[in-house]
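These notes are about the structure you will find just below.
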Amino acid sequence: MAASGFLAVCVLCAATLRTGFGLHTVSAIYGETISIPCGQEIKDGLLFGKWKYEKPDGTAVFVAARSAVKKSFSFDNVPEYNNRLTLSENYTLSISDARITDEKRFVCMLITPDNVFEEPTLVKVFKPPTKPEILNGPTFLETGKLSMVGDCVSKDSYPDGNITWYRNGQVLLPVDGVVSIEWWKEKNSTSGLHYMRSTLQYVPTKEDIGAQFSCAVAYYVPDGLTTMESESAVFDIYYPTEKVTILVQSPKKTIKEGDNITLRCIGNGNPPPEEFLFYLPGQEDGIRSSSAYSITDIKRNATGDYKCSLLNKIMIASTMVTVHYLDLTLTPTGDVTKQVGDSLSVSCIPSASKNVSVTWMKNQKILTHPSFTNLQYRDSGVYECETSLMEVDGLRRKKTLRLTVEGKPRIKLSKKTNADGKSKTVLYEVDGFPKPEVQCISLGNGLYLNKTEETMLSNGKYSAKIIISPEENVTIICSAENKLGRESHSLNVSAISIPEPDEPKDRDGDQNDNAKLIVGIVVGLLLAALVAGLAYWIYIKRSSSTSKHVGKELGNTEENKKLEENNHKAEA
Ligand SMILES: *[C@@H]1O[C@H](CO)[C@@H](O)[C@H](O)[C@H]1NC(C)=O
Ligand SMILES: *[C@@H]1O[C@H](CO)[C@@H](O)[C@H](O)[C@H]1NC(C)=O
Ligand SMILES: *[C@@H]1O[C@H](CO)[C@@H](O)[C@H](O)[C@H]1NC(C)=O
Ligand SMILES: *[C@@H]1O[C@H](CO)[C@@H](O)[C@H](O)[C@H]1NC(C)=O
Ligand SMILES: *[C@@H]1O[C@H](CO)[C@@H](O)[C@H](O)[C@H]1NC(C)=O
Ligand SMILES: *[C@@H]1O[C@H](CO)[C@@H](O)[C@H](O)[C@H]1NC(C)=O
Ligand SMILES: *[C@@H]1O[C@H](CO)[C@@H](O)[C@H](O)[C@H]1NC(C)=O
Ligand SMILES: *[C@@H]1O[C@H](CO)[C@@H](O)[C@H](O)[C@H]1NC(C)=O
């Protein structure tokens, strides 16, 4: 500061001298040629012209002379100016390769026979400095700390200049504790050129992110002041974290059981913090980790608040994680076999992270909740209970119940006379599961009867027909059998000549089960045996004694014989 103040005074001094004494001044650029006009009219009767300069102590040194008469010129042996001078006919002195040491008072002397005219000229030399450079800059600046920004260096200036620092084009002025600028100038004693350096120390803030720091040198040229700017420098600004943020990274928007998730903690400082403490739901102690904390195969009980903080436990961020899940319980499930007429209660209960409803399907068709108080064959099938969490991609569950309703065979027989009058049709209807095998035989001859292809009726019933043309009354027995049992019914079909009554009421009357029939046969046989015994006893009695009641007794015997025959037929 003091030095630049002094410089200002000096410049002011020079300016005053120049105006006050009316001195001619010649300005030249360092290294170029200095042309110093004589500065006075050529006098009549001029003998010769001469150039000298004045040393600081006032002594004069002659450098060149030119004869006006002989038109010749000569140079004095001044080593500094050897081979650098020319003196033109109008007495302009030219000095090539201008140096700082050429800054002198040169005097042009015109000599006439009776006088010597002198005219001094001040020579000024200017040397622009090198482009300023910012050196020793750090790799980063830390906010809140007085940090070295760099040295701005500009060399080889004459006269010396001033270095100014800029931030985003604005001049940086010293501010106590915030901006500190120290400068240093040095003059090379040989060349006379100045070396300038200015050191900037600065307390950066986050505002300085991306700020451009530069310096400029202001220096004199013959026309006045000019400036030259350095390249600008941008620094990485380090600042502490002021806020932490926690993020959940999951494969899908919603998290479901079994997913792998990553919690990411981010601090907004620069450079970003690399380590954090992660707090799991309900846990006081943090887990030290890098910025990513992974949880694999997450469970429903992992739902909760997750937090993270810096290692110093300040600045806590928190986020809610909901782990969706979906369970489905179907009772009963899998393969279930029930008897026809049984009751079965079925339940399908979802358990999920949200309210869900279930859909029932049977054989790919939607149905309402099935409930069975009296199972029928038609209730057999594949039941599916399905549910899904709409919000969670791919979270759906399905349970299957394969219900089989089993039952013993039940068979019904009916008959009719066909329109042609030459045949009769016996029709059977059978149900039961597994599907019963049906066989019909004619009791009279014990032959299996041919039946038509079975056709399926509704409700798991089948029917088939048997066409017969009986010569005489026959009894037909049809039996249906599956692994669960067997049912037989007989039907009396009268000879073809006798039409069957059309009433369908005989269905029930015609149907007896096999056991009854057998009981009937056995009872018939016993009866027959009894009658035969009785007849024999009467015969014995009658052969020993004559009776008055023969006809009645005979008639009885004939009746019994007939009954016996019929019973034998039934047995066959
Ligand atoms: C003197 O002569 C030089 C060339 O010889 C010329 O450039 C210059 O302008 C002249 N100066 C004056 C003051 O006539
Ligand atoms: C240097 O700064 C001083 C004041 O601080 C000023 O007077 C002087 O002209 C400046 N020099 C240049 C070359 O800018
Ligand atoms: C979760 O990560 C484990 C390994 O870390 C991998 O075996 C598993 O397949 C991943 N699960 C999912 C759903 O991506
Ligand atoms: C969560 O449940 C799993 C079993 O599904 C168990 O191993 C784990 O300890 C439970 N975690 C908590 C925090 O209860
Ligand atoms: C879920 O169902 C329960 C009762 O079944 C009810 O109290 C609750 O409000 C429901 N929640 C939603 C989100 O519908
Ligand atoms: C049943 O049909 C077969 C031929 O399909 C025949 O040979 C057989 O005699 C028939 N039985 C009766 C009792 O009509
Ligand atoms: C055949 O049955 C009919 C009744 O269906 C009966 O009237 C008739 O007497 C019976 N014939 C013989 C020979 O039994
Ligand atoms: C069928 O005929 C027999 C005699 O041939 C008789 O005993 C039986 O009761 C008859 N059954 C029905 C149901 O009419």
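This one's a predicted model, so the numbers in the text were calculated from it and none came from an experiment. Side chains are part of it too, since the values below use all heavy atoms of this structure and drop only hydrogens, waters and symmetry mates. Order of appearance sets the numbers: ligands from 1, and atoms from 1 within every ligand.
Less than 4.0 angstrom separates atom 11 (N) of ligand 4 from at least one non-hydrogen atom of the protein. Using a 4.0 Å threshold on non-hydrogen atoms, atom 14 (O) of ligand 3 counts as touching the protein. For atom 8 (C) of ligand 3, a protein non-hydrogen atom is found at a distance below 4.0 Å.
In terms of polar-atom proximity, Asn492 is counted as a contact of ligand 8, with an N or O under 3.5 Å from an N or O of the ligand. Taking only nitrogen or oxygen atoms, main chain and side chain alike, Lys299 does not reach within less than 3.5 Å of ligand 4.
Between Trp360 and Tyr383, the ring-plane angle classifies as perpendicular under the 30° and 60° cut-offs.
Cation-pi geometry between Lys206 and Tyr239 is met: under 6.0 angstrom from the ring centre, within 45 degrees of the axis. A cation-pi geometry, defined here as NZ or CZ lying under 6.0 Å from the six-membered ring centre and within 45° of its normal, holds between Lys435 and Tyr462.
Given atom 3 (C) of ligand 3, the protein heavy atom at minimum distance is Asn260 ND2, 3.6 Å. If you check which protein heavy atom lies closest to atom 5 (O) of ligand 3, you get Thr296 CG2, 3.8 Å.
When each of Tyr166, Phe235, Trp165 is paired with Phe213, the ring-ring contact (aromatic ring centres under 6.0 Å, His included) condition holds for Phe235 and for no other.
Annotation: side chain of Thr331 is not in contact with side chain of Val346 (no heavy-atom distance under 4.5 Å).
With salt bridges taken as basic N to acidic carboxylate O contacts below 4.0 Å, one links Glu391 and Lys354. A salt bridge is defined here as a Lys NZ or Arg NE, NH1 or NH2 lying under 4.0 Å from an Asp or Glu carboxylate O, and Glu229 with Lys131 fails to meet this definition.
Remark: ligand 3 atoms within the under-4.0 Å shell around heavy atoms of Gly258 are 13 (C). Numbered from 1 in the order shown, with element, the atoms of ligand 4 that lie under 4.0 Å from a heavy atom of Asn301 read 1 (C), 2 (O), 3 (C), 8 (C), 10 (C), 11 (N), 12 (C), 14 (O).
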